[in-house]
Amino acid sequence: MDCMNWQQLISSKRLGQEYRHTERHDDRSEFKRDYDRLIFSAPFRRLQNKTQVFPLPGSIFVHNRLTHSLEVASVGMSLGNDVARDVIRRHPELAGTLMEEIGTVVATACLAHDMGNPPFGHSGEKALQAFFTEGKGARLRQLLDKEFWDDITHFEGNANAFRLLTHRFCGRRKGGFVMTYTMLASIVKYPFASAYAGEHGKFGFFTSESELFYRVAEELGMKCLSANGEPLRYARHPLVYLVEAADDICYEIMDIEDAHKLRILSFEETKELLLGFFDDDVRESILHRITDEELLDENEQVVYMRASVIGKLENVCVEAFLNHEQEILDGTFEGCLIDHIPERERQAYHRCTETAFAKIYCSKPVLDIELAGYHIINTLMEQMTDAAEHPDRFYSKQLLRRVSSQYDIHSADLQTRIMAVIDFVSGMTDVFALDFYQKLNGTSLPIV
């Protein structure tokens, strides 16, 4: 295949209901149906009690995974709509096609991009990985398939989101959430098997869902980069770059705003970081606008500057996408869109990144929640995995009864039971994980 093409890349065919593809007639588009389905889903609601960066809850409202995902979806909608408009302008034959709906596709993928993340942010991911590489789970290596071992020792929230949306859990319908092929492809940032995770540190789908990903990728004409007999590896679907850009914009810039609210960053530090995205004339214009509108409250001034930065980054990311459209379709584009924006904006973004790492991600409140979360996840994995390994013991039977019936925890296959434990623990909210941890340790008892 020489390159990917937009006509094939944007498909409203649904996983698990391919046979009904020609029967669907509704005033709602299939991509809007995807969006609505996620908004009303339980896994999406659970994001309200999952850590974004700062501990939850707190006396000052900061972002959790739910509010972050909603904001990313808003930026993603703008990115998708702007790209669609300009790509159609370049390629008039795409007018009147599904290309016009990519704003909704990108927004929906943005809603789903963090749904597979475990509790306690990235420390939860690390705890799940480390349990099998450094903890008591390491003893299971000889009992499990190599492919499965690669999956769980590189546990990845992005791959888990694809599983959550596509896997047929017990009692669920074929196709999982039954989402459109294009939406599913748009959330896979790392479209390769975990066999490549040692090289990249990331992967996009568990072995159990590899056949489903292959079906999606081939249907959409995504460029295959692996030879026959090798683990699956594809070039990204083009819309992934827009989902990633929306996430990058919101993650970095909103963390700066939250850090100011929590007084980790001073107003002057925050102002200099945000105004650094603009030349002198625009900086003066923004400051005059703040004065003209009598925004005396420093938080409101930060909100205005933050909004200006997001608008600026959205524009330059669209420009970067359009400048590299052919490389993206060829599967040869390298890096993310942020890497290809103009020098001023790129340097300002990196200053935010450096400041966030030094003053936010390494701050005491963030480190405290990461340390506590790591210990909680590790403890839950120890007890649940031991129960799955020895299901006939009395305590194991009692503990396994706490696992949701959608997970195949009573399978005759050990590997399936281990995956059920991972599904159960990774699907917890921070609050539920803490409560369950306290009950298992006897430090919290239900009120009788």
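By convention here, the first residue in the shown sequence is residue 1. What you see below is based on every heavy atom in this structure, not just the backbone, and it leaves out hydrogens, waters and symmetry mates.
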(request) Using a 4.5 Å cut-off on heavy atoms from C-beta on, say whether the side chain of L38 contacts that of M115. (result) yes
(message) With a 4.5 Å cut-off on side-chain heavy atoms, are T182 and L98 touching?
(response) no
(request) Name the orientation class of the two ring planes belonging to F162 and F213 (parallel below 30°, tilted from 30 to 60°, perpendicular beyond 60°). (result) perpendicular
(request) Can you establish whether the number of heavy atoms outside D280 located under 6.0 Å from its atom CG is more than 12? (result) no
(message) As an exercise, state the distance from OG1 of T104 to CE of M183, rounded to the nearest 0.5 Å.
(response) 12.0 Å
(message) Tell me whether R85 is salt-bridged to D82, with the criterion being a basic N under 4.0 Å from an acidic carboxylate O.
(response) yes
(message) Are D34 and V105 packed together at the side-chain level, in the sense that at least one heavy-atom pair is separated by less than 4.5 angstrom?
(response) no
(message) Would you say that N64 contacts N49 through its side chain, given a criterion of any heavy-atom pair below 4.5 Å between the two side chains?
(response) no
(message) Once you measure the plane-to-plane angle for H68 and Y251, does it fall in the parallel (<30°), tilted (30-60°) or perpendicular (>60°) bin?
(response) perpendicular
(request) Give a yes/no verdict on a cation-pi contact between R233 and Y196, requiring under 6.0 Å between NZ or CZ and the six-membered ring centre and an angle within 45° of the axis. (result) yes
(message) Could you check whether any side-chain heavy atom of I253 comes within less than 4.5 Å of a side-chain heavy atom of F277, counting everything from C-beta outward?
(response) yes
(request) For the pair R351 and E354, find out whether any cationic side-chain nitrogen is under 4.0 Å from an anionic carboxylate oxygen. (result) no
(message) Looking at K126, I want to see if its NZ is surrounded by more than 12 non-hydrogen atoms of other residues, nucleotides or ligands under 6.0 Å.
(response) no
(message) Strictly below 4.0 Å, N to O, side chains only: are R215 and E219 in salt-bridge contact?
(response) no
(request) Identify the heavy atoms of D330 and K223 that sit nearest to each other, and give their distance. (result) O-NZ, 2.8 Å
(message) Does the plane of the ring in F432 sit parallel, tilted or perpendicular to the ring in F436? Use 30° and 60° as the thresholds.
(response) parallel
(request) Compare all side-chain heavy atoms of L329 with those of W6 and state whether any distance is below 4.5 angstrom. (result) yes
(message) Looking at D86 and R90, is there a salt bridge between them, counting it only when a charged N and a carboxylate O are closer than 4.0 Å?
(response) no
(request) Report yes or no: is the cationic atom of R236 (NZ for Lys, CZ for Arg) under 6.0 Å from the centre of the six-membered ring of Y241, at an angle within 45° of the ring normal? (result) yes
